[in-house]
Number of protein chains: 2
Amino acid sequence: MNLKDLAALLGLSQTTVSRALNGYPEVSEATRQRVAAAAEKHSYRPNTRAKGLATGRAMAIGHVIPISAQHEMVNPVFGDFIAGAGEAYAAAGYDMVLSLVQDNQEERVYRDMFAKGNVDGIVVHAPEMRDRRIALLLEIGLPFAVHGRASEITTPYNWLDVNNKSAFQRATDFLIDLGHRRIALLNGLETMDFAHRRRAGYVEALLSRDLAVDPQLMRSEEMTETYGYQAVRQMMKLAEPPTAYLVSSMISAIGVRRAIHDAGLVMGRDISVITHDDDLSYLRNGDDVALFTATRSSVRDAGRQLAQILIEQISDPQHAPRTKLLEADLTVGRSTGANTQGR
Amino acid sequence: MNLKDLAALLGLSQTTVSRALNGYPEVSEATRQRVAAAAEKHSYRPNTRAKGLATGRAMAIGHVIPISAQHEMVNPVFGDFIAGAGEAYAAAGYDMVLSLVQDNQEERVYRDMFAKGNVDGIVVHAPEMRDRRIALLLEIGLPFAVHGRASEITTPYNWLDVNNKSAFQRATDFLIDLGHRRIALLNGLETMDFAHRRRAGYVEALLSRDLAVDPQLMRSEEMTETYGYQAVRQMMKLAEPPTAYLVSSMISAIGVRRAIHDAGLVMGRDISVITHDDDLSYLRNGDDVALFTATRSSVRDAGRQLAQILIEQISDPQHAPRTKLLEADLTVGRSTGANTQGR
DNA sequence: GTGAAAGCGCTAACAC
DNA sequence: GTGTTAGCGCTTTCAC
């Protein structure tokens, strides 16, 4: 059932039917009712492509996920973010188009997306500190919003980020409170903006408590399981090994737990581990458990909010860029399920 | 730059340019070269919507992810699957459209996708044993492929599945070999096909070793962290608590590990845990570690293969449905990183 | 308040 | 081997 059929069926012109369906004021109320009823009855759905061709809008948003050939890994919370964004799109009538891109081909992909006209805007994931995509998108004039930030880029643009610095500062602080003096940081690649900020938080916490920043206790790599495993193995051989680990990713944390397990140590008794993007952390000191709930429901919420920002930008391109900084939920409490004391 | 411009620029008709670009044989080699060069130079990209309108093909595949309001959770390996599928689509020139759908509205969404014509085919995720979507899609004639199977549906259709039954059978068997006699199964919802098959494998392994199947040791629920936590807490109160846990999801496993930790027990010493979709399992008996590598790289590969199946179906609708059963990689070895002994 | 007709950018008969 | 023309399904100007 297309517009032509529907119009014929009603004895009206396509124009009138189209107007009725799209809420144009000049259609009489009676006609509008008739049209609406018929459309409903035959479950008429306007063809997206035809509509897009005519209006010049795609009614779709692109998400571009960089995948490098070497470390082909998808962030496990990615699905949650997408789910949140998807909700916002569905509510606003947008489709979501996913593109996985070799990170050396990004520029071409962005330009193509624009030229092929199959998206009205783009969400940029995993920005680096001096991310080149931002300048590129501004240049070609494709509306976009960034999940995260690029610290070294000063031009205004839409972004939404979790406060990674304060999250890691608070976590480090908490470990110090528990009595730890040798705290290791297993960070992601510090060309990535989030990783850079996390280290800043960690360092600041140490310094403000007059603790030394020991380069031997800091690692920055692609966040694989092997990385976590190897890093712990090596650090354990130090003259003064760490008593606590702050881990940037739940994937590396798997390796960390394995290494600890291999060494015959017990997490939460001999050693403390706090993991970002994970709901469980192991801490010395009795029953205390720190929960970094930057994951799941809050990531989902972030997706929803960022999508909303982009949708607004698209419908009002004149509007100044919006930015939003969310605080990570680092909750500390007894591990009875209910988390009591916020921190 | 559109076709019209490009044609004018070359002093050719749109038709000829179009033909040259799309590899039609009747174009002279000289012209083809000229056209290709000009297209390249001005980085001409045909408009997707216009092309789609003219050809009747969307050059896009839809992935529909059911999200229920209560348990709004995305499987963490989802991203890996999507990444694999994305590779196959990119290679074949397809876009990937993601739709998140409240599970009570699925029928409408499928019908709409078809009517709006913005996808050429659909990937169905997370099928139930008697999934209604399959009959629906067959009825409306939209090509599709299922990630998983629906046991109770006999009509042929395209699917790709991991052999969940044998995976859980082997895992259970392995735990029995380690000396365990009380093995708990924390399964997903058994209306889901994969969960049903996993239980079958577990039960079969117990029976073939003359062990009792104790209903008190079997749970079937939505795979949340809380579920894992509560289940372990309760089972520990049994007169004869389990000494090993077989956990269907890495998310529930987080809760399981927390409960074990809370109880003052040590994983891999006091108790064994094998988790599907996770790369780490804790086992009693020294250094042995069982790795269910049904995750990450293999899930990604599954995505790639399923996408390929769907693409073939679309390009040759007459062809009989294809099916593919993958074996899960349950590797058992010393936890030194390199996994030796396959099992 | 309604309709006719042009056009969005492309492909595909059909003609030459 | 190349061009003319119609048409995909919709919106939108313009006329009535």
Side-chain angles (χ1 to χ4, degrees), chain A residues 1-36 38-39 42-60 93-95 112-120 315, chain B residues 1-36 38-39 42-60 93-95 112-120 315:
Chain A
M1 169 70 51
N2 59 24
L3 187 63
K4 194 172 170 184
D5 298 342
L6 189 61
L9 209 120
L10 285 160
L12 288 170
S13 72
Q14 295 188 35
T15 315
T16 303
V17 176
S18 171
R19 281 200 273 240
L21 257 20
N22 290 300
Y24 282 64
E26 61 262 43
V27 182
S28 81
E29 198 47 37
T31 319
R32 188 186 307 284
Q33 300 285 352
R34 268 184 67 216
V35 172
H42 300 89
S43 58
Y44 164 72
R45 299 284 177 277
N47 181 298
T48 316
R49 293 188 302 268
K51 192 162 186 163
L53 233 204
T55 56
R57 303 187 53 184
M59 290 312 282
Y94 282 88
D95 281 333
D112 286 5
M113 280 208 155
F114 183 65
K116 295 195 302 179
N118 48 182
V119 296
D120 297 321
S315 50
Chain B
M1 170 69 52
N2 58 24
L3 187 62
K4 194 171 169 186
D5 299 341
L6 189 62
L9 208 119
L10 285 160
L12 289 169
S13 73
Q14 296 188 34
T15 315
T16 303
V17 176
S18 170
R19 282 199 273 239
L21 258 19
N22 291 301
Y24 281 66
E26 61 262 42
V27 182
S28 80
E29 198 47 36
T31 317
R32 188 187 306 284
Q33 300 284 352
R34 268 184 67 215
V35 172
H42 300 91
S43 57
Y44 164 72
R45 299 284 178 279
N47 182 297
T48 316
R49 294 188 301 267
K51 193 163 184 161
L53 234 205
T55 57
R57 302 186 53 184
M59 290 312 282
Y94 282 88
D95 282 333
D112 285 4
M113 281 207 156
F114 183 66
K116 295 195 303 181
N118 49 180
V119 296
D120 297 321
S315 50

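Chain identifiers are assigned alphabetically (A, B, ...) following the order of the sequence lines, protein sequences preceding nucleic acid strands; residue numbering begins at 1 within each chain.
- Distance, A:Arg57 CZ to D:dT12 P: 11 Å, rounded to whole Å.
- Across all non-hydrogen atoms, the minimal contact from A:Tyr44 to A:Leu3 is CE1-N, 3.5 Å.
- Here the CZ atom belonging to A:Arg45 is positioned 4.0 Å from the CG atom belonging to B:Asp112, to the nearest 0.5 angstrom.
- The structure places CZ of B:Arg49 at 11.5 Å from CG of A:Asn47, a figure rounded to the nearest 0.5 Å.
- The span of DNA chain C lying next to chain A, judged by atoms under 4.0 Å from heavy atoms, is bounded 5' to 3' by C:dG1 to C:dG9.
- Annotation: side chain of B:Leu21 is in contact with side chain of B:Leu6 (closest heavy-atom distance under 4.5 Å).
- Across all their heavy atoms, A:Leu10 and A:Ala38 have their closest contact at CD2-CB, 3.8 Å.
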Output a table of nitrogen or oxygen pairs between the protein and nucleotides 7-11 of chain D separated by less than 3.5 Å.
| residue | atom | partner | partner atom | Å |
| --- | --- | --- | --- | --- |
| D:dC8 | O2 | B:Ala54 | N | 3.3 |
| D:dG9 | N2 | A:Ala50 | O | 3.3 |
| D:dC10 | OP1 | A:Tyr44 | OH | 2.8 |
| D:dC10 | OP1 | A:Asn47 | N | 3.1 |
| D:dC10 | OP2 | A:Leu3 | N | 2.3 |
| D:dT11 | OP1 | A:Asn22 | ND2 | 3.1 |
| D:dT11 | OP2 | A:Ser18 | OG | 2.6 |

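- Judged by distance alone, the side chains of B:Tyr24 and B:Arg32 never bring a donor and an acceptor atom under 3.5 Å apart.
- The CG atom of B:Leu21 sits 16 Å away from the C1' atom of D:dT2 (whole-angstrom rounding).
- The distance from atom CG of A:Asn22 to atom OG1 of A:Thr55, rounded to the nearest 0.5 Å, is 10.0 Å.
- Contact record, A:Asp5 with A:Met1: CB-SD, 3.8 Å, taken as the closest heavy-atom pair.
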